[in-house]
Amino acid sequence: MNILAICGSLRARSTNLAVLEAAKLLAPADMQITIFGGLAALPHFNPDLDTEDPPETVRSLREAIGRADGLIICSPEYARGVAGVTKNALDWLVSSFEFPAKPIAVINASQRSTHADAALRLTLETMSARLIKEASITMPLLGRGLDAAGIAADEELSTQLRQALAQVQHVVAAPTDAPRHSPI
Ligand SMILES: Cc1cc2nc3c(=O)[nH]c(=O)nc-3n(C[C@H](O)[C@H](O)[C@H](O)COP(=O)(O)O)c2cc1C
């Protein structure tokens with residue numbers, strides 16, 4: 001299964017990026033995680049440009065989401081809000097047909113960042129995403145300064161991340177057209 005990962009921090013030594021790179025190291029054998037590399041190049045969202053022929057970078061984001069079976073978003077909190085990079089990308093996806101119902105795990109890399117986590121979940125819910133609650137976790141990485149290898153080597157953190165990835169795998173692999181209730 002193909003999972004597209006979106007990192008809301010553009011910092012080279014980003015903790016959020018380290019989480020996603022650790023996820024690549026810890027992913028189950030049948031899960032390929034690709035970190036979307038084009039976020040910094042997205043233009044600022046402008047409804048006037050959100051036409052049948054959107055900017056190329058927007059098209060490539062939407063196509064990458066279309067190819068993905070699920071998404072992981074890992075994004076920092078800035079000034080008690082969602083990082084602008086992440087919100088900008090989501091704004092470009094509001095009108096896309098690829099995004100609604102896509103299973104998504106939100107991984108919060110800081111135990112202090114409660115506001116952005118809540119706001120991001122609200123935005124995703126508003127956009128009809130399928131939030132995988134069991135896979136949407138907060139990892140206590142604030143102040144740890146760990147890179148991907150350090151996260152993967154830590155027993156507690158790697159177990160937490162592995163369990164979240166297993167939940168993503170479970171939800172993505174499950175048939176979606178099965179009846180939720182017994183027809184009788
Ligand atoms: C301008 C700025 C504002 C921030 N505001 C908050 C905040 O309101 N709440 C919080 O918990 N952390 C805040 N932080 C800390 C970042 O969320 C934290 O450093 C995070 O690890 C950054 O992610 P990164 O390591 O992936 O770049 C802020 C950091 C910066 C640079």
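Ligands are counted one by one from 1 in listed order, and the atoms in each one are counted from 1 as well.
Ranking protein heavy atoms by distance to atom 9 (N) of ligand 1, first place goes to Glu77 OE2, 2.8 Å. For atom 26 (O) of ligand 1, the nearest non-hydrogen atom of the protein is Ser14 OG, 2.5 Å. Remark: minimum distance from atom 12 (N) of ligand 1 to any protein heavy atom is reached at Arg112 NH2, 3.0 Å. The nearest heavy-atom contact from the protein to atom 22 (C) of ligand 1 is Pro76 CB, 3.6 Å. Atom 29 (C) of ligand 1 has Tyr78 CD2, 3.7 Å as its closest protein atom, hydrogens excluded (heavy atom only).
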Leu26/Leu165 under side-chain contact (heavy atoms from CB on, under 4.5 Å): CA gap, chis, key distance, verdict: CA-CA 8 Å; Leu26 300 171; Leu165 294 170; 4.3 Å; yes
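Within a 4.0 Å radius of atom 2 (C) of ligand 1, the protein has at least one heavy atom.
Placement of Val82 and Met127 within a single hydrophobic cluster is found when ILVMFWY residues are connected by side-chain heavy-atom separations under 4.5 Å, directly or transitively. No single ILVMFWY cluster, assembled from side-chain heavy atoms under 4.5 Å apart, contains both Val106 and Leu20. Criterion: ILVMFWY side-chain heavy atoms under 4.5 Å apart, direct or through other members. Under it, Phe36 and Val19 are not part of a common hydrophobic cluster.
For ligand 1, none of its N or O atoms has an N or O atom of Arg13 under 3.5 Å away.
Listed by number with element, the atoms of ligand 1 under 4.0 Å from a non-hydrogen atom of Asn16 are 23 (O), 24 (P), 26 (O). Below 4.0 Å from some heavy atom of Arg11 lie the following atoms of ligand 1, by number and element: 24 (P), 25 (O), 27 (O). Remark: ligand 1 atoms within the under-4.0 Å shell around heavy atoms of Ala79 are 3 (C), 4 (C), 5 (N), 6 (C), 7 (C), 8 (O). Less than 4.0 angstrom separates some heavy atom of Arg80 from each of these atoms of ligand 1: 7 (C), 8 (O). With ligand atoms numbered from 1 in the order given, ligand 1 contributes 24 (P), 26 (O), 27 (O) to contacts under 4.0 Å with heavy atoms of Ser9.
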Please tabulate, for side-chain N and O atoms in residues 57-66, each donor-acceptor pair with protein atoms closer than 3.5 Å (sequence neighbours left out).
{"from": "Arg59", "atom 1": "NH2", "to": "Asp53", "atom 2": "OD1", "distance (Å)": "2.7"}
{"from": "Ser60", "atom 1": "OG", "to": "Thr57", "atom 2": "O", "distance (Å)": "3.1"}
{"from": "Arg62", "atom 1": "NE", "to": "Trp92", "atom 2": "O", "distance (Å)": "3.2"}
{"from": "Arg62", "atom 1": "NH2", "to": "Asp50", "atom 2": "OD1", "distance (Å)": "2.8"}
{"from": "Arg62", "atom 1": "NH2", "to": "Trp92", "atom 2": "O", "distance (Å)": "2.5"}
{"from": "Arg62", "atom 1": "NH2", "to": "Ser95", "atom 2": "OG", "distance (Å)": "3.4"}

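Ion pairing between Arg144 and Asp154 holds under the 4.0 Å rule for side-chain N and carboxylate O.
Enclosure of atom NE2 in His170 is not indicated, since only 12 or fewer non-hydrogen atoms of other residues, nucleotides or ligands lie within 6.0 angstrom.
The side chain to side chain donor-acceptor pair (under 3.5 Å) with Ser75 is formed by just one residue from the set Asn16, Asp117, Thr86; it is Thr86.
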